[in-house]
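Just the heavy atoms: all of them, side chains too, but no hydrogens, waters or symmetry mates, feed the values below. By convention in this document, chain letters (A, B, ...) are assigned in the order of the sequence lines, proteins followed by strands, and residues within each chain are numbered from 1.
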Number of protein chains: 2
Amino acid sequence: MNIEQLELTEKRIKIFKALADETRLAILKALYHSGNELNCTEVGFTCDTSKSNASYHFKTLREAGLIKVRKDGQARYMSIYKETFDQILPGFLDTL
Amino acid sequence: MNIEQLELTEKRIKIFKALADETRLAILKALYHSGNELNCTEVGFTCDTSKSNASYHFKTLREAGLIKVRKDGQARYMSIYKETFDQILPGFLDTL
DNA sequence: TCGTTAGTTCAAAAGTTGTTTAACTATAGA
DNA sequence: TCTATAGTTAAACAACTTTTGAACTAACGA
């Protein structure tokens, strides 16, 4: 395996780990179906867990490149990082 | 969430867990690129681990519905379970 | 029947991930 | 400046996954 393939494999594994969790799938589903950005409180509400646990899951999704976060005042708005899905899992978002 | 959606979510999580591992991605890659079935020894050789560990990973892949296994004499031949990929991760196999 | 090959299973050890609680930082408004 | 709100971080713990080595089963050929 060359270096690009190694990095691609690592990226894939990070993504699959991030997707292998009910709470994180619920977050992505909410984001995808909102068709828009949502703030942490809104997302935390739909996935029914504590704010620190929600924050842990946001971080996992962010580090896998599956969501992006925009800061505005006190709030942080997150949305699907579509490019990552298109590259690694073409067609998956539409099955959500 | 209704019962079908719950089952789909569980199936997805099982699949993502199965895919979130370097050894198992290597197995799938070998199978996909062989374009054919391979026996456990051949696959174990390409993914460089003990036979008991290889067997554990085969089971994980089998239980996620990602490979199927055919027994013939002493040997077992495994191959990609294409239908599962088509249903849950359309387009993914070609990125392998 | 005996030895060999192919693969699985089991239990213990090692490693990783998810949850919880509490303490923390940063921004906003009174 | 004080208080409230939004979110992150750290530590401890429980739960789960992976690895390892040894014992096992099943099929084959001599």
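Comparing Arg76(A) and Lys17(A) along DNA chain C, the residue whose closest nucleotide (by nearest heavy atom) sits nearer the 5' end is Lys17(A). Take the nearest nucleotide of DNA chain C for Thr23(A) and for Cys40(B): the residue whose nucleotide is more 5' is Cys40(B).
For an aromatic pair to be called close, the ring centres must be under 6.0 Å apart, and Phe16(B) with Phe92(A) satisfies this.
Taking atom OH of residue Tyr56(B) and atom C1' of nucleotide dG15(C), one finds them 12 Å apart after rounding to whole Å. At whole-Å resolution of the value, CZ in Arg24(B) and P in dT17(D) are 10 Å apart. With rounding to whole Å, Arg70(B) atom CZ is found 16 Å from dA6(C) atom P. At whole-Å resolution of the value, CD1 in Ile13(B) and P in dT17(D) are 11 Å apart. Counting to the nearest Å, the P atom of dT8(C) and the CE atom of Met78(B) are 7 Å from each other. In this structure, CD of Glu22(A) is placed 16 Å from C1' of dA15(D), rounded to the nearest angstrom. Per the geometry, CG belonging to Asp21(A) stands 13 Å off P belonging to dC16(D), to the nearest Å. Regarding Tyr77(B), its OH atom lies at a distance of 10 Å from the P atom of dA6(C), rounded to whole Å.
A heavy-atom distance below 4.5 Å is not found between the side chains of Ile67(B) and Tyr81(B). The shortest distance between side-chain heavy atoms of Ile15(B) and Leu19(A) does not fall below 4.5 Å. Side chains of Glu83(A) and Lys68(A) form a contact here, defined as non-hydrogen atoms less than 4.5 Å apart.
Nearest nucleotide to the side chain of Lys59(B), out of dA26(C), dT9(C), dT19(C): dT9(C). Checking dA28(C), dT8(C), dT8(D) against the side-chain heavy atoms of Phe58(A) singles out dT8(D) as nearest. Nearest nucleotide to the Lys51(A) side chain, out of dG7(C), dA26(C), dT8(D): dT8(D). Side-chain proximity of His57(A) to the nucleotides dT5(D), dG7(C), dG18(C) is greatest for dG18(C). The side chain of Ser50(A) lies closest to dT20(C) when the candidates are dT8(D), dT9(C), dT20(C). The side chain of Gln74(B) lies closest to dA27(D) when the candidates are dT8(C), dT17(C), dA27(D).
A 6.0 Å sphere centred on OH of Tyr32(B) holds more than 12 heavy atoms belonging to other residues, nucleotides or ligands.
Checked by distance alone, Ser52(B) brings a side-chain donor or acceptor within 3.5 Å of a matching partner on the base of dG21(D).
Taking 4.0 angstrom as the limit, Asn53(A) places none of its side-chain polar atoms (N or O) nearer than this to OP1 or OP2 of dT20(C).
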